[in-house]
Amino acid sequence: MQSVRVIPCLDVAEGRVVKGVSFVELRDAGDPVELAERYVAEGADELVFLDITASIEERSTLVDLVERVASRVFIPFTVGGGVRVLGDVAALLEAGADKVSMNSAAVADLGLVEAVAGRYGSQCAVVAIDAARTGAGDWEVRTHGGRRPTGLDVETWVRRVSDAGAGELLVTSMDRDGTRAGYDTDLYELVLSCTSLPVIASGGVGIVEHFVDGARTGVTGLLAASVFHYGELSVAQVKAALDAAGLVVRPIGG
């Protein structure tokens, strides 16, 4: 059985880690470098850094800040936000990212995913999908920090990006993001039925049991932000709960 990864997420705006509800009403959560160091020390399996206003502001990711975080991180490090062309990917990998996440630009041009996979390998090509529920069993892909509807259903998009060479999917439920109501397990079960790629679940964690519920869908990554940033849960607590539920986790320090 594959181990489940516990992944803190740094949502960054104006150089600070922030957290809101459904990507709005943002409040400060700390310095990205300090938080990254803390999560590495706590035993996080990976780290995700998302420049959440880059696409809206039509600019590239904050490469200098990525470089500062990467210098303190010795676990797999995914960076996204503002990735528009292959040169942006090259700059982030040069700054220390291990994987690059694409969302809005991938929807605009699926060829970008193909180009990244072709140049750097599928393991570098993460496609982030912000999903908003439109009805029973239906979700729509949103872009630009969740602000723009696309008319594209999640099931169709998952199949397309899988075929294009994506190596991993980071799927956020916009309806659950910041609500602390738990992962939208129906969404992840749908995504997993459409692809064999590893899937990271994001959006809605409030208590430790939510991680267990999310892992039981079959996702291989469990992403969370505010419960870690504000000290409500630690990576160790989450891993202990997963282990107690019979799920495989990587030992801290192992």
Side-chain angles (χ1 to χ4, degrees), residues 7-40 44 46-73 75-109 112-113 116 120 124-131 141-148 150 161 166 168-174 177-178 200 202-203 221 223-226 228-229:
I7 308 172
C9 181
L10 307 177
D11 292 320
V12 177
E14 299 181 356
R16 297 285 292 180
V17 176
V18 295
K19 190 57 192 168
V21 177
S22 299
F23 299 3
V24 296
E25 299 178 7
L26 304 177
R27 61 185 176 124
D28 189 85
D31 176 78
V33 177
E34 292 176 1
L35 287 173
E37 287 185 304
R38 187 177 104 197
Y39 296 137
V40 171
E46 299 192 15
L47 192 67
V48 169
F49 175 115
L50 299 176
D51 187 342
I52 62 172
T53 58
S55 292
I56 302 162
E57 297 168 1
E58 297 184 345
R59 60 171 173 78
S60 298
T61 312
L62 302 170
V63 175
D64 56 337
L65 183 55
V66 170
E67 193 168 35
R68 287 171 51 213
V69 173
S71 69
R72 309 292 182 91
V73 170
I75 55 179
F77 180 39
T78 299
V79 179
V83 175
R84 293 170 290 183
V85 296
L86 201 57
D88 296 329
V89 175
L92 293 175
L93 295 175
E94 179 68 24
D98 298 294
K99 297 182 277 188
V100 174
S101 172
M102 299 160 280
N103 185 344
S104 301
V107 173
D109 178 15
L112 178 61
V113 178
V116 173
Y120 301 108
C124 287
V126 178
V127 172
I129 300 173
D130 296 334
V141 176
R142 297 285 184 90
T143 61
H144 295 79
R147 290 166 172 79
R148 294 190 190 177
T150 64
V161 298
E168 184 170 47
L169 304 179
L170 168 53
V171 183
T172 300
S173 166
M174 289 200 57
D177 182 72
I200 300 172
S202 168
L223 184 144
S226 58
F228 291 141
H229 299 338

* Asked: To the nearest 0.5 Å, how far apart are CD in Glu37 and CD in Glu34?
  -> 7.5 Å
* Structure fact -> Heavy-atom closest pair (Gly96 atom, Phe77 atom, distance to 0.1 Å) is O-CD2, 3.9 Å
* **Nearest-0.5 Å distance, CD1 of residue Ile7 to CG of residue Leu47** => 9.0 Å
* Structure fact -> The salt bridge (charged side-chain N to carboxylate O under 4.0 Å, His left out) partners of Arg68 (sequence neighbours excluded) come to none
* Ignoring hydrogens and geometry, is there a side-chain-to-backbone donor-acceptor pair from Asp88 to Val85 under 3.5 Å? -> yes
* Structure fact -> side chain to side chain contact (heavy atoms under 4.5 Å, CB included) filter on Ala131, not counting sequence neighbours, yields Trp139, Val154, Leu187
* To the nearest 0.5 Å, what is the distance between CG (Asp51) and CG (Leu92)? -> 9.5 Å
* **Side-chain heavy-atom pair Leu93, Val100 within 4.5 angstrom cut-off** => yes
* **Test item: Met102 and Arg84 side chains (from C-beta on) under 4.5 Å apart, heavy atoms** => no
* Structure fact -> d(Leu112 CG, Leu86 CG) to nearest 0.5 Å is 7.0 Å
* To do: Check whether any side-chain heavy atom of Arg142 lies under 4.5 Å from a side-chain heavy atom of Met174, and answer yes or no.
  => yes
* Asked: Are any non-hydrogen side-chain atoms of Lys99 and Tyr120 less than 4.5 angstrom apart?
  -> no
* Asked: Should we count CZ of Arg38 as having more than 12 external heavy atoms under 6.0 Å?
  -> yes
* Asked: Considering only heavy atoms from C-beta outward, does the side chain of Ser101 approach that of Val83 to under 4.5 Å?
  -> no
* Using the test side chain to side chain contact (heavy atoms under 4.5 Å, CB included), find all partners of Thr150 that sit at least two apart in sequence or belong to another chain. => Val107, Glu140, Val141, Thr143, Leu152
* Taking all heavy atoms of Ser202 and all of Leu170, pick out the closest pair and write down the distance. => CB-CD1, 4.0 Å
* Asked: Would a 4.5 Å heavy-atom cut-off, applied to side chains only, mark Leu10 and Val48 as touching?
  -> no
* Structure fact -> OH of Tyr39 to NE2 of His229, rounded to nearest 0.5 Å, is 4.5 Å
* Please identify each residue that fulfils side chain to side chain contact (heavy atoms under 4.5 Å, CB included) with Val40, with sequence neighbours left out. => Val73, Ile75
* To do: Not counting sequence neighbours, which residues clear side chain to side chain contact (heavy atoms under 4.5 Å, CB included) with Ala95? List them please.
  => Val63, Val66, Glu67
* To do: List the steps and the verdict of side-chain contact (heavy atoms from CB on, under 4.5 Å) for Leu65 and Val12.
  => CA-CA 10 Å; Leu65 183 55; Val12 177; 3.8 Å; yes
* Between Asp130 (side chain) and Thr172 (backbone), is there a donor-acceptor pair under 3.5 Å? -> no
